[in-house]
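Each ligand, and each atom within it, is numbered from 1 in the order the structure gives. As the structure is a computational prediction, the values presented were derived from the model and not from experiment.
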Amino acid sequence: MSNPTSLADILNSAPPNQTAIILPEPNIRVTYASLRDQVFQMADGLASLGIGPGDRVATVLPNGLPAIVSFLAASIAGTAAPLNPGYRQDEFAFFLEDTSAKVLLCPPDGAPDARKAAQGKVPVHDLVMDDHGYVRIAGVSNGRKSPAADPNGVALVLHTSGSTGRPKRVPIRHRNLAASAVNIVNHYKFTGDDVALCAMPLFHVHGLVASTLSTLLAGGTVVVPSKFNPLSFWRTVRDCNVTWYSAVPTIHSLLLARAGDARPEGAEKLRFIRSCSAALPPEMMAKMESVFGAPVLEAYGMTEASHQMASNPLPPSAHKAGSVGPGTGVKIGIMDGKGNLLASGDRGEVVIQGPNVVDGYENNPEANAVSFTNGWFRTGDQGYLDADDYLVLTGRIKELINRGGEKIAPREIDEVLLAHPAISEAVAFGFPHPTWGEEVAAAVVLKEPQTEAQLLAYCKDRLADFKRPKKFYIVETIPRTATGKIQRGAVAKALAG
Ligand code: AMP
């Protein structure tokens with residue numbers, strides 16, 4: 001492994017003929033030589049469209065080669081801003097404006113809501129891929145050369161759900177991503193022989209950094225299905241000789257449900273299975289280890305840390321159920337409300353330091369003031385360090401719903417509901433769900449009659465599927481705590497049990 005400081009460096013670790021990417025459905029293999037060529041050609045294409053350092057390149061793409069090539073190319077020529085293809089037009093309009101997108105890249109004939117949101121505001125270009133797995137921007141002739149990637153430049157901009165309805169913008173620099181990829185490669189001892197199956201979306205750090213960048217940095221191969229499919233998952237693992245994969249507990253539970261008690265063919269090549277982005281119940285971990293026959297390592301990641309902060313280690317070191325493991329090249333502390341670091345075993349807020357941690361939110365001094373204390377970044381998660389320095393997460397200070405790893409700010413849903421003329425009060429909340437971990441519901445007080453079906457239909461036009469309340473509680477008054485306050489946890493308990 002080289003010592004990378006940018007995403008351009010990450011592409012230099014493998015021999016030219018080594019396979020970098022496998023697309024299993026059309027069965028296309030892309031070598032490192034081809035991937036490098038595509039990325040630098042597209043970076044020049046973006047420069048020819050007027051993209052320079054810091055300019056945001058929004059993309060709305062399913063998982064696949066176009067998502068990977070455009071992410072790397074955009075980060076070199078400007079800044080990549082991948083958006084969730086599940087968003088609705090209003091949501092795209094917000095993200096295109098908030099990121100100041102200079103250009104939007106879409107699949108040909110795809111992403112209708114994003115195209116409508118961009119109309120008259122942001123130029124849209126199609127990404128096309130030929131039968132050999134070569135991706136380019138349709139109709140662009142390269143006239144200008146992109147400058148080399150700057151380690152200090154912002155490679156990627158993503159949003160995280162805030163305590164207000166407005167998501168916070170997280171600028172992630174090349175050096176942050178490179179440091180994170182190095183940490184992950186070292187922790188799991190990746191080599192050029194490793195083959196990762198990317199089961200997570202490529203508009204989150206989980207899929208981008210853990211599955212993709214760290215594997216590329218080790219000179220290994222990333223297998224990229226267009227979406228997670230429990231029916232073809234193990235066939236792909238077997239046919240592509242996959243050695244590890246990372247996913248959220250929701251995906252693990254869907255795979256377990258299909259497998260029954262039989263070890264799926266192909267699982268014997270797995271060195272380990274990684275679980276991250278939401279809590280893995282210890283009984284699910286035990287079942288996975290017995291059925292899939294591979295060590296299951298729970299990790300802890302977040303966007304502001306360019307993904308991984310902690311992970312359980314590979315055997316023969318101990319991996320512990322209910323813990324996310326020790327820091328992985330990241331310093332982890334536990335802090336009280338006054339900013340004091342606490343002793344081992346004491347519960348408090350999890351705080352982190354390291355070269356993978358971003359310098360701050362973009363254009364958001366209020367969020368930066370409360371998120372950094374004495375050089376530590378406050379994660380908003382609660383936990384303690386055990387006697388072996390393994391982190392145990394015990395809860396959250398921040399107000400968010402974690403639905404299968406997707407983070408949702410309940411305030412954002414409240415605001416959409418309060419814009420409805422028949423709703424006078426609205427409180428969204430999460431409730432426990434067997435597959436998603438948490439699911440979204442909302443309590444509403446009405447000024448005029450509305451059925452639950454009408455409210456569901458209203459949300460369908462305005463909120464991406466994952467954010468939409470799946471259940472409405474139409475109430476006379478919102479349940480309050482003993483002291484008369486509205487607390488989402490108390491509303492959830494009173495209504496959803
Ligand atoms: P994101 O920025 O979307 O990656 O979300 C980061 C948040 O996901 C963290 O601050 C935690 O609240 C949560 N999270 C990540 N990994 C875990 C885990 N293993 N167990 C529980 N929560 C997790």
> Salt bridge or not for Arg56 and Asp98, using N-O below 4.0 Å?
Replying inline: no
Return a table of N or O atom pairs, ligand 1 on one side and protein on the other, at distances under 3.5 Å, rounded to 0.1 Å.
residue	atom	partner	partner atom	Å
ligand 1	2 (O)	Thr303	N	2.9
ligand 1	2 (O)	Thr303	OG1	2.6
ligand 1	3 (O)	Lys407	NZ	3.1
ligand 1	5 (O)	Lys407	NZ	3.0
ligand 1	8 (O)	Lys407	NZ	3.3
ligand 1	10 (O)	Asp381	OD2	2.6
ligand 1	10 (O)	Lys398	NZ	2.5
ligand 1	12 (O)	Asp381	OD1	2.6
ligand 1	12 (O)	Asp381	OD2	3.4
ligand 1	16 (N)	Ser277	N	3.2
ligand 1	19 (N)	Glu298	OE2	2.9
ligand 1	19 (N)	Ala299	O	2.8
ligand 1	20 (N)	Ala279	N	3.3

> Hey, is Arg88 close enough to Asp465 for a salt bridge, meaning N to O under 4.0 Å?
Replying inline: yes
> Taking the inter-plane angle between the rings of Tyr188 and Phe190 on a 0 to 90° scale, is it parallel (under 30°), tilted (30 to 60°) or perpendicular (over 60°)?
Replying inline: tilted
> With Phe292, which of Trp234, Phe272, Tyr245 fulfils ring-ring contact (aromatic ring centres under 6.0 Å, His included)?
Replying inline: Trp234
> Can a salt bridge be assigned to the pair Asp150 and Arg173 using a cut-off of 4.0 Å between side-chain N and carboxylate O?
Replying inline: no
> Should the pair Arg175-Asp359 be classified as a salt bridge under the 4.0 Å nitrogen-to-oxygen rule?
Replying inline: yes
